[in-house]
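What follows is a short report on a single structure.
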Protein chains: 2
Amino acid sequence: MSRASELAYAKIRAHLLSGAVQPNEQLTEDQLAQITGVSRTPVREAVRRLEDELLLVRSDTKRLFVADWSRDDIEEMFALRQMLECHAAERAARRLSRAKITQLEAVNHALKDAIAQTPPDVARFLEANRCFHEAIVDAADSPRLGQMLGRLVEAPVVLRTARTYSLEDLKQSARDHDELIAAFAARDPDWARAVMGSHLRRAFHTFAKSVGPKGGSAGLDQT
Amino acid sequence: MSRASELAYAKIRAHLLSGAVQPNEQLTEDQLAQITGVSRTPVREAVRRLEDELLLVRSDTKRLFVADWSRDDIEEMFALRQMLECHAAERAARRLSRAKITQLEAVNHALKDAIAQTPPDVARFLEANRCFHEAIVDAADSPRLGQMLGRLVEAPVVLRTARTYSLEDLKQSARDHDELIAAFAARDPDWARAVMGSHLRRAFHTFAKSVGPKGGSAGLDQT
DNA sequence: CGGACGCTATTTGTATACAATAACGGTTTG
DNA sequence: CAAACCGTTATTGTATACAAATAGCGTCCG
């Protein structure tokens, strides 16, 4: 994307995740234009992307509001991500070159380094983790799949989840990645799918524990 | 969407599917604005949607081209649709009210009527079919899932596929729908998923047969 | 003759002014 | 007192003018 439009997207997104706004709060394009320092034209483009990611929603009369994510919404989001990313892992297992697998190993090595710090460097962990999963989706070589997962992974919940990881959770993630790499090296799509499935399903339960039992809006509220 | 923007979307889409343009042909926003009779602003919004649906693509320098769908792209598109719509069927089986199931029966009745014509009324069949599947996705009650499937089903290939249906194919579709309804009535998610899976997979093979063996661009070319 | 440079024309990106539409509030009327 | 109507204000949608970036082409220099 172009400069102003990309800037607007980043700033609005940061604004939403910062907690400066409440779920269901109304926003106007003018406000956002002021906040971002660009005109409404690129703001509207940024807003469209954020609507795609369901961070913003429009009322029936086109007015703009901060989205409210229910616990069910989030659960469904995890389910979709699992479904799509398992598929990606399966395809990747058939396509990954030896060189790419080596790259994955390097990324997971960096991830382990981040964990080995005291205290663990969560930011670096997240970045390495993102990079690892992105490489797999890339290797799946399906534009649409990549597009869909791109939108899901942008979801705010993913960010919040990792904050609640315990050290043991982080280590288990690294082990999952190791096993994924093994499945790729063995060119075993079924194995890769299965590992990815349990990897992501565990992430969901980690999240579920951290937000407590069912019911209520678990989205962007800063409790 | 708003009037001009929606109009632009519809006109551009029709223009693409009409065969007046070739895959990889360049388009400009100005051209499209002239064709649609609105200014570039709503055209840009329409173009963004068509990019989402991968009917249009942008070069690395933001220039706009008609997308070229390879046979592999289409195969992957079917696979994704199958994955998502099976999931939708599963969720729908848990949620569909008796009243909604009755509505599905009515829709499928209309579909059978369309088939019973001599010759079969393919347009009405397609409309009823779209309606049937849409109702299921609706019942799945997952905004993201709906969004994703919306984009996939918009894909041009779906339209072309039905043109090659034989009468027997059409009848089999109706039978599949009947069985889906039975699975919903029984509130059996596994059954619903399985029926949906074979239903869509068969559609893929019908398509695959019609475009011939692997290799080459099977997308928008008007052969 | 080939390749690199720079000019021009084309195309996309952004700002702004204006039009259309929807919400709000006050008033009127049954 | 409630509900519908109308004018005002707020908000989104569209057109247009202009700015930035990019491609295409001709020329100049080696």
Side-chain angles (χ1 to χ4, degrees), chain A residues 1-16 20-68 143 147 150 154 220, chain B residues 1-16 20-68 143 147 150 154 220:
Chain A
M1 285 272 123
S2 50
R3 194 185 130 272
S5 161
E6 192 65 26
L7 181 80
Y9 171 78
K11 282 206 182 181
I12 296 171
R13 185 163 203 282
H15 189 240
L16 293 176
V21 290
Q22 294 290 318
N24 295 319
E25 183 178 333
Q26 182 174 359
L27 299 174
T28 70
E29 295 173 357
D30 263 323
Q31 280 172 34
L32 296 175
Q34 288 198 329
I35 291 174
T36 58
V38 300
S39 83
R40 272 181 55 214
T41 309
V43 163
R44 280 171 68 89
E45 211 158 305
V47 163
R48 260 192 65 95
R49 279 176 67 188
L50 292 162
E51 284 181 76
D52 267 356
E53 295 164 10
L54 296 184
L55 288 177
L56 296 175
V57 294
R58 278 191 190 273
S59 72
D60 49 351
T61 64
K62 314 292 172 152
R63 272 160 171 73
L64 200 62
F65 296 88
V66 179
D68 185 17
Q147 211 179 38
E154 289 294 336
L220 297 166
Chain B
M1 286 272 126
S2 50
R3 192 185 130 272
S5 160
E6 192 66 26
L7 181 80
Y9 171 79
K11 282 206 180 178
I12 295 171
R13 185 164 202 281
H15 189 240
L16 293 176
V21 291
Q22 293 292 316
N24 296 318
E25 183 177 335
Q26 182 175 0
L27 299 174
T28 70
E29 295 173 355
D30 263 324
Q31 280 173 32
L32 297 176
Q34 288 198 329
I35 291 174
T36 58
V38 300
S39 83
R40 272 182 55 215
T41 310
V43 163
R44 280 172 66 89
E45 210 159 308
V47 163
R48 270 192 64 99
R49 279 176 68 186
L50 292 162
E51 283 180 76
D52 267 357
E53 295 164 10
L54 296 184
L55 288 178
L56 296 176
V57 293
R58 278 190 190 275
S59 72
D60 50 351
T61 64
K62 315 291 173 157
R63 271 160 170 73
L64 199 63
F65 297 88
V66 179
D68 185 16
Q147 211 180 37
E154 289 294 337
L220 297 166

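Since this is a predicted model, take the numbers as computed values, not measurements. Throughout, protein chains are lettered first and strands after them, A, B, ... in sequence-line order, and every chain is numbered starting at 1.
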Nucleotide-resolved protein contact map, nucleotides 10-17 of chain D, B/S/- at heavy-atom distance under 4.0 Å: -SBBSBB-
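Annotation: salt bridge (Lys or Arg N to Asp or Glu O under 4.0 Å) contacts of E51(B) (sequence neighbours excluded): R58(B). Among residues two or more places apart in sequence or in another chain, the side-chain hydrogen bond (donor to acceptor under 3.5 Å, both in side chains) test is passed with R3(B) by none. A search for side-chain contact (heavy atoms from CB on, under 4.5 Å) contacts involving T41(A) returns S39(A), not counting sequence neighbours. Scored by the salt bridge (Lys or Arg N to Asp or Glu O under 4.0 Å) test, R49(A) finds E6(A) as partners (sequence neighbours excluded). For the salt bridge (Lys or Arg N to Asp or Glu O under 4.0 Å) test, residues two or more places apart in sequence or in another chain that qualify with R40(B) are E29(B). For N24(A), the side-chain contact (heavy atoms from CB on, under 4.5 Å) partners two or more places apart in sequence, or in a different chain, are D68(A). Applying the side-chain contact (heavy atoms from CB on, under 4.5 Å) criterion to Q31(B), with sequence neighbours excluded, gives L27(B), T28(B).
End-to-end axis angle of the helix from dC1(C)-dG30(D) to dG30(C)-dC1(D), using five pairs per end and rounding to 10°, comes to 10°.
More than 12 heavy atoms of other shown residues, nucleotides or ligands fall within 6.0 angstrom of atom CD in E25(B).
One interatomic measurement links the two molecules: CG of L32(B) to C1' of dT12(C), which rounds to 13 Å at whole-angstrom precision. Regarding F65(A), its CZ atom lies at a distance of 14 Å from the P atom of dA22(C), rounded to whole Å.
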